[in-house]
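Atom set for the values below is all heavy atoms of this structure, side chains included, hydrogens, waters and symmetry mates excluded. None of these values were measured; they are calculated from a predicted model. The first residue of the sequence shown is numbered 1, and numbering continues consecutively from there.
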Amino acid sequence: DLIINMAHPSHGKHVEYGTAGFRTLATLLDHVLYRVGMLAVLRSQYKKGAAVGVMITASHNPAEDNGAKIVDPYGEMLEQAWEAHATRLANCPDAEVAAVFEDIARATGTDRSVASHVIVGRDTRTSGPALVAALTHGVEAVQGKLTDAGVVTTPQLHFIVRCTNDSSYGVPTVEGYTTKIATAFRTLIAAAPPSPRPTLTLDCANGVGAQHFVAMAAALGDALQVTLVHTGDGQLNHRCGADFVKVQQCAPDGLAVAEGQKCASLDGDADRVVYYTVSDGSFALLDGDRISILAAQFLSSVARAAGVTLNIGVVQTAYANGSSTKFITDTLHVPVACAKTGVKHLHHLAQDYDVGVYFEANGHGTVLFSDNALKTIATATASTPEAATALANLRATVDLINQTVGDAFSDLLLVEVILAHSGQSVKDWLAQFADLPSRQLKAKIANRAVVLTTDAERRCTAPAGLQERIDALAASFPSGRSFARPSGTEDVVRVYAEAATREQADALALEVSRAVYDLAGGVGPRP
């Protein structure tokens, strides 16, 4: 019989396991983490004793929030079928926790006698230690084994879980992660044409990325010169970090960006990165769309030079700027697929290619190599010295990329390698194509469930009349495009709009937000 610790009572407020796991105010999460600990043990047993992870973070959310997401044995997000189990267990009455837990075990055919292993990590939020304690009690309640990885980035936790179950991927420690990525970076930079060493100003969002990039920079040696800002002297994610820069289209507070200066921002748990500079006196963002284009270009070029045939594809979301999609298809001649918002959806579509490059516009993404691609790369032989160099670079690039999840450190270093090999400045990179001006807004509504979408969230099927209104508004602006999708975490509808000019994009976003408010049950002041 289970002995359930009732020191973690429910507050009665519904929480849902979504794309980012559980995420809400930290004060509402104590009982949730207790039950996540129980479910993580069950998931490990379902996976025949393989280690699973739990990352306690709220990523780019404000400091008062926190969350938890379960990491599957190979570093993947939790299998979607289990999200409903997580939501059910987190919301059941206290007196039914043991019964619901056992019912999930029966429904999934999980052998409860299997030894389990759960690995937990957390970011720097002050609520983290108490939530780790609640998780620990949950693991103990169902006789599980827990390893505490401490304060880590989300990608480091994914890496540690993967390596714990697959020693061929690396050493399952933060040091193993740093060594693998830094070694690959130094190898690739040494193979680039001679030039001054890359320099970068990096905004760490006052988050966990700051302390760990210090260690990474030390491992990189003189291969990259980095100046770190927002390293913990201010509030987490407050007017800094990748989400702030992407949404507000400006540099973080306190950073005066010079013309042509190369800058980047992490988010709070270092799983996304965006670049930016000042070009002709104006702020210029280089987001996940731009990173995916660099990666696809580089991998295509290196594979071709190495004599290795690979099917390379790019996966985007509806948030991808229309100009980037056109550049990938018309200039790179690389196929593009569109996925629903959420990294798990992009990850799934990326598996359709030998090499799947996937990035959300917010800077969250990575590159997946299929087993067939990895075997092809590993066993290829070069016919010329030039091909041998390209093949060595391709193999080092595989090591540089953290395939388990979007990883700001890995993605940032990949960008630096590609710019060094191509001899491009940040302004050269920016000049590849011109983004259509875009704007994102939120419309607050009473119940986000009334807004339903299709076509990778690019079109609304409910409420009635909303999509027709959006279509008409978009058609009234040159190069107009807009969509509205319900948030996965709060009762708002997220509106995206792009058009030929900044003023037109702003106006289109505002008009669509008003349409959502009017037709979907808006609350509070009308936009």
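Applying the side chain to side chain donor-acceptor pair (under 3.5 Å) test to pairs two or more places apart or on separate chains, those with a residue in residues 343-354 are Glu83-Lys344, His347-Tyr358. Pairs passing the ring pair (Phe, Tyr, Trp, His ring centres under 6.0 Å) check and including a residue from residues 446-482, sequence neighbours excluded, do not occur. Sorted by first then second residue, the ring pair (Phe, Tyr, Trp, His ring centres under 6.0 Å) pairs that include residues 496-527, not counting sequence neighbours, are Tyr319-Tyr496, Phe483-Tyr496. Pairs engaging residues 269-302 under the ring pair (Phe, Tyr, Trp, His ring centres under 6.0 Å) rule: Tyr275-Trp429, Tyr276-Phe283, Phe298-His421 [sequence neighbours left out]. Sorted by first and then second residue, the ring pair (Phe, Tyr, Trp, His ring centres under 6.0 Å) pairs with a member in residues 228-250 form an empty list; sequence neighbours excluded.
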Self-check item: Stepwise salt bridge (charged side-chain N to carboxylate O under 4.0 Å, His left out) test for Asp330 and Lys326
Solution: CA-CA 6 Å; Asp330 294 354; Lys326 181 176 173 60; 3.0 Å; yes
Quiz item: Can you check side-chain contact (heavy atoms from CB on, under 4.5 Å) on Arg439 and Gln249, steps first, answer last?
Solution: CA-CA 9 Å; Arg439 178 62 66 197; Gln249 302 274 312; 4.2 Å; yes
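In summary, the side chains of Asp269 and Thr153 do not present any donor paired with an acceptor at a separation below 3.5 Å, with no hydrogens or angles considered. At a cut-off of 3.5 Å, with distance as the only test, a side-chain donor of Thr404 or Asn402 sits close to an acceptor on the other residue. A side-chain N or O of Ser127 and one of Asn66 form a donor-acceptor pair less than 3.5 Å apart. A donor-acceptor contact closer than 3.5 angstrom is absent between the side chains of Gln261 and Thr277. Residues Arg43 and His85 bring no donor and acceptor atom of their side chains to less than 3.5 Å of each other. Inspection of the Arg459 and Thr454 side chains reveals no N or O donor paired with an N or O acceptor under 3.5 Å. Side-chain polar atoms of Gln297 and Gln432 form a donor-acceptor pair below 3.5 angstrom. Side-chain contact, Asp428 with Ser425: a donor N or O sits under 3.5 Å from an acceptor N or O. A donor-acceptor contact under 3.5 angstrom links the side chains of Asp203 and Ser265, judged on distance only.
Both tests hold for Arg290 against Phe433: distance to the six-membered ring centre under 6.0 Å, angle to the ring axis within 45°.
A side-chain donor-acceptor contact under 3.5 Å links Thr108 to the backbone of Ile104. Between the side chain of Ser476 and the backbone N or O of Leu473, at least one donor-acceptor pair lies under 3.5 Å.
Here His11 pairs with His31 under the ring pair (Phe, Tyr, Trp, His ring centres under 6.0 Å) rule; sequence neighbours left out. A search for side-chain hydrogen bond (donor to acceptor under 3.5 Å, both in side chains) contacts involving Arg481 returns Glu498, not counting sequence neighbours. Judged as a salt bridge (charged side-chain N to carboxylate O under 4.0 Å, His left out), and not counting sequence neighbours, the contacts of Asp287 are Lys246. When the side-chain hydrogen bond (donor to acceptor under 3.5 Å, both in side chains) test is applied to Asp253, the partners found at least two apart in sequence or on another chain are Arg239. Qualifying salt bridge (charged side-chain N to carboxylate O under 4.0 Å, His left out) partners for Glu76, counting only residues two or more places apart in sequence or in other chains: none. Partners of Asp123 under the salt bridge (charged side-chain N to carboxylate O under 4.0 Å, His left out) rule, at least two apart in sequence or in another chain, are Arg125.
Atom SG of residue Cys240 and atom CG of residue Leu266 lie 10.0 Å apart, to the nearest 0.5 angstrom.
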Considering only distance and modelled atom types, tabulate donor-acceptor pairs under 3.5 Å from the side chains of residues 12-21, sequence neighbours left out.
| residue | atom | partner | partner atom | Å |
| --- | --- | --- | --- | --- |
| His14 | ND1 | Asn91 | OD1 | 3.4 |
| Tyr17 | OH | Ile70 | N | 2.8 |

